[in-house]
Amino acid sequence: MAVSRPTDAHALRTAFLDFFAERGHERVASSPLVPFNDPTLLFVNAGMVQFKDVFTGRDKRDYRRATTAQRCLRAGGKHNDLDNVGFTPRHHTLFEMLGNFSFGDYFKRDAINWAWEFLTQVLGFPADKLVVSVFNGEGDDAPFDQEAYDLWLELVPKDRIYAFNAKENFWQMGDTGPCGPCSEIHIFRGEGPAPGTGGQPGKGPAFEDAAYMELWNLVFMQYEKHEGGRMEKLPAPSVDTGAGLERLAAILEGASSNYGTSLLSPLVDKGKQLAGVSGDQGEREASFRVIADHARATAFLIADGVTPEKSGRSYVLRRIMRRAIRHGTLVGLDEPFFHEICDLVVEQFGDAYPELREARAAIADAVQIEEQAFRRTLDRGLKMVEATLAALPERAGAFPVDPAAKLYDTFGFPIDLTRVIAVEHGLTLDEDEVAARVRELQGAGDAGFVGGDAKINDVYFELANELGATEFVGYAEVEQQATLRAIIVDGARVESASAGASVELIFDRTCFYGESGGQIGDHGVIVGGADPKGARLEVSDSQKPTGGLIVHHASVTQGRIAVGDSLTLRVDVARRDAIRRNHSATHMLHHALREQLGKHVAQKGSLVAPDRLRFDFSHPRPLTLEERAAIERQVNAMVMANAATGTQEMSLANAKQAGAIGLFGEKYADEVRVVTIAADSVELCGGTHVARAGDIGLFKIVSEGGVAQGVRRLEAVTGTGALDWVQHTASIVEQATAELHARDADDLLVRLAKLQEELKLKERELAQIERKLATGGAGESETTEVAGVKLLVRKIGVADPKVMRDAADTLRDRLGSGVVVLAAERDGKASLLVAVTSDLAGKKVHAGKLVGALAGHIDGRGGGRPDLAQAGGPKLAGLDQAVADAPVQLAAQLAK
RNA sequence: GGGGGCAUAGCUCAGUUGGGAGAGCAUCGCACUGGCAGUGCGAAGGUCAAGGGUUCGAGUCCCUUUGCCUCCA
């Protein structure tokens, strides 16, 4: 036996991979958690996901056996167990799936024998505790899996072989596609050997029985299901197996729960250490488990390029992080702690998953930022809960549902926390009721997950397999003779096409760059061909749908083309040169951002077009003008240094060694292209670049904005585009300078500030003068008495509401006790204002009612408070009547 | 991507059918005090995020934009 018995979970993982590597399996690295080319899936949730297209035959690999330790995540989407995690021994968000795969190579015999050998020989699990199951032929069109049954019989006594129906033991990828029966291996965890079936397959305890635990699932893909359910035998059946590392480790290490294994217990203990406790924490134990589990998920997700944000996968991550932090507060971890647990994950798993080490700083930063943000949210929510409690009537028995729901939905305050506080105040809160109210508020919008990537047409897979990758010669050439290998019209392959047709073309080689890595596809023309007159095509786009296939989108403007033709491909050079400038500038911008803002800056997306470049990157706040200027200076300094750019093919490992920047979670081939600019900027990149940095001419940022929380977007121009922008902007400044009679552009700002200051002063002065005019010369003569109440009525020249109020104030104070009525004209409209001294307001006289009565004369409406009210209307001519009517209306009010 | 919300003095925020822009803290001044802490009185500080609309009148209502918080897929 070559592989020796492992002592802990990490050694178990290695032992598994070694075991299958020794048996001819390619050791394939775990794919990132974000599925590649699968828009239907939020996260990789099984070991076989990265081989999906291989099983269906759409994709090919140069090996037929593979083994992986695949990180998987179950957290988002329709059915997730998030709420259970931490409270049961085996629910996890992140887990590792060990698997061995056969792509049309070995089948049931080897799969069964190896699984048995690994469990009993390598891990030393007692054979008499293991029971297995096969498909019994019920519930689907496939028959009883006699083959598997017979094979098991060679290893296991008859009464430890169970047979179950399709629900348990038949697997399918989707409604159609590869499928087949499966066999499961379970372990009996009670005392002694596993009890038998009583000799009858299909009879006996169901495996839901807590005494049994599933260890390994072997899927035998031997059928293909077609539309309508018709089942066909596959010529070369495949094997897909999966064994949960956490479970195997629990048995190996004799732990009653997965949290007691060497995978998770160091994380649980770290949490306890930070909380200043040790040993079993009873009810609080679950919180430490949640923290441990979620720390793993958090560290891996961030390493795979997911950041905690408010949409999609990002939101799932944030929810996981917040749940962990919340459980931290439950056990007294009131200071940021989670980043320390996540850092321990990096240490513990960094050997098996080097991507964790690479992302160490990014993980720490993202977690700390999220911890701070969530604690702010908690503080804010706490205040609101207190406010709600304070507003509650004395004898309320329950915390009201609506505020609790709003607190959660709108302000992100955990429902369970609201309940805890309510209970502290002797109130109850039904969490289910609140959750129901939240769903109501949500409007039950269930649109389903919409992924980013579009589904790839089968025809491209077919062509990629048949023709292989298109040779790209466009780094050096912009014109190239090539043989036409395929023509696609409306998604179907054709042999020829004539003028007027919209076609997609594939050649054996091309100088056209297929859109990828943010750089958009080339335009150009294609000429020549077998047609005596010569064909001509305009290429409007070049795409790279899959497998290195470069597809030219073109319209035939002249002549006729056919598969096999030799044609001349000519890229639009001016456009390509502009793209080169923008692509190289993008790299330099990336470099400058990391220098000026910090290493937390990571590319989140980019667009390289001929007229502009766009760069999205992680950064927590808007860029200041100074930061933007510093970045521009640095990029332009690199341009002026005019260093030659270099490209080099090397292995991915060497590239990383050289410090090349790549994208988190991006899938790279083993051989990568590395682009170096001025020795500073080293990036993995397949794009086209300038020969020397100086070719860029000028780099200018033209806009800055946000796309999501923590993600900023810069847009910039280069070369002639930059010149256009500068000239346009400069001409605007010059015109403005001339307009304001400023000496120069600097003076322009001074002039503007001065003008604004002056304007403010003038407005104040004007208001003062107006008020003086309005209040000036108030003699006793104007004042009359109506039923013992002093009344001052006056028409004034200013109708600005504020000035009228000030004027009324002054006049009212002068009266001591009484009523002031002001009338004025403004913008061709009539204005009225009534002010009443406080001794009368609301008691004898109501300003609002009085002004309302007078407003009728000007066809207007109005209102206000008892002591002050305003009205306005369009009928200027009625102003005098209103003035005359004032004593009458006042008398009427006083008479009541 | 959809829903819910926020943006008011340097800071934290109030502003309830649309009717005079506020509080606390911080700042400055004066007073009490041997000095400090403290207390009292007073002052300064606002394009109510930006732009448009409705209205006699908008911090308040409507639309757009920007920034931020939050829930959900």
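First the proteins, then the strands, lettered A, B, ... as listed; each starts at 1. Reckoned from all heavy atoms, side chains included, excluding hydrogens, waters and symmetry mates.
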Side-chain ion pair, [X] and [Y], N-O less than 4.0 Å:
X: A:Arg628; Y: A:Glu704; answer: no
X: A:Asp839; Y: A:Lys844; answer: no
X: A:Glu370; Y: A:Arg322; answer: yes

[atom1] atoms of [N] and [M], separation to the nearest Å:
N: B:G29; M: B:G5; atom1: C1'; result: 42 Å
N: B:C62; M: B:A7; atom1: P; result: 14 Å
N: B:U64; M: B:C11; atom1: P; result: 29 Å
N: B:A9; M: B:U70; atom1: P; result: 22 Å
N: B:U8; M: B:A50; atom1: P; result: 10 Å
N: B:U66; M: B:U54; atom1: P; result: 24 Å
N: B:G59; M: B:C48; atom1: P; result: 8 Å
N: B:G24; M: B:A14; atom1: P; result: 16 Å

Below 3.5 Å is the cut-off: list the nitrogen or oxygen pairs between protein and nucleotides 9-12 of chain B, distance only.
none

Rounding to a whole Å, what distance do you find between [X]:[atom1] and [N]:[atom2]?
X: A:Glu440; N: B:G4; atom1: CD; atom2: P; answer: 15 Å
X: A:Asp402; N: B:C71; atom1: CG; atom2: C1'; answer: 16 Å
X: A:Arg865; N: B:U16; atom1: CZ; atom2: C1'; answer: 15 Å

So how far is it from [X] [atom1] to [Y] [atom2], rounded to the nearest 0.5 Å?
X: A:Arg323; Y: A:Asp293; atom1: CZ; atom2: CG; answer: 8.0 Å
X: A:Ile701; Y: A:Leu625; atom1: CD1; atom2: CG; answer: 10.5 Å
X: A:Ile320; Y: A:Thr93; atom1: CD1; atom2: OG1; answer: 5.0 Å
X: A:Lys849; Y: A:Gln889; atom1: NZ; atom2: CD; answer: 13.0 Å

What string of B, S and - do you get for nucleotides 63-70 of chain B, 5' to 3', when a contact is any protein heavy atom under 4.0 Å?
-> ----SSSB
If pairing requires Watson-Crick or G-U wobble contacts with both distances under 3.5 Å, which nucleotide is the partner of [N]?
N: B:C41; answer: B:G29
N: B:U54; answer: none
N: B:G34; answer: none
N: B:A7; answer: B:U66
N: B:U60; answer: none
N: B:G46; answer: none
N: B:A73; answer: none
N: B:A23; answer: B:U12

Show me, pair by pair, the donor-acceptor contacts under 3.5 angstrom made by side chains of residues 429-438 of chain A, not counting sequence neighbours?
from	atom 1	to	atom 2	distance (Å)
A:Asp430	OD1	A:Asp432	N	3.0
A:Asp430	OD1	A:Glu433	N	3.3
A:Glu431	OE2	A:Arg419	NE	2.6
A:Arg437	NE	A:Asp402	OD1	2.5
A:Arg437	NH1	A:Glu440	OE2	2.9

Any idea which heavy atoms bring A:Ala742 and A:Arg751 closest together, and the distance?
-> CB-CG, 3.7 Å
Of all heavy-atom pairs linking A:Leu33 and A:Phe300, the shortest is CD1-CB, 3.8 Å
Residues in side-chain contact (heavy atoms from CB on, under 4.5 Å) contact with A:Val711, at least two apart in sequence or another chain = A:Glu309, A:Lys604, A:Asp616, A:Val707, A:Ala708
Side-chain donor-acceptor pair under 3.5 Å between A:Gln893 and A:His846, yes or no?
-> no
Show each protein N/O and nucleotides 56-60 of chain B N/O combination with a separation under 3.5 Å, one pair to a line.
from	atom 1	to	atom 2	distance (Å)
B:C56	O4'	A:Gly872	O	3.4

Partner set under salt bridge (charged side-chain N to carboxylate O under 4.0 Å, His left out) for A:Arg865, not counting sequence neighbours | A:Asp867
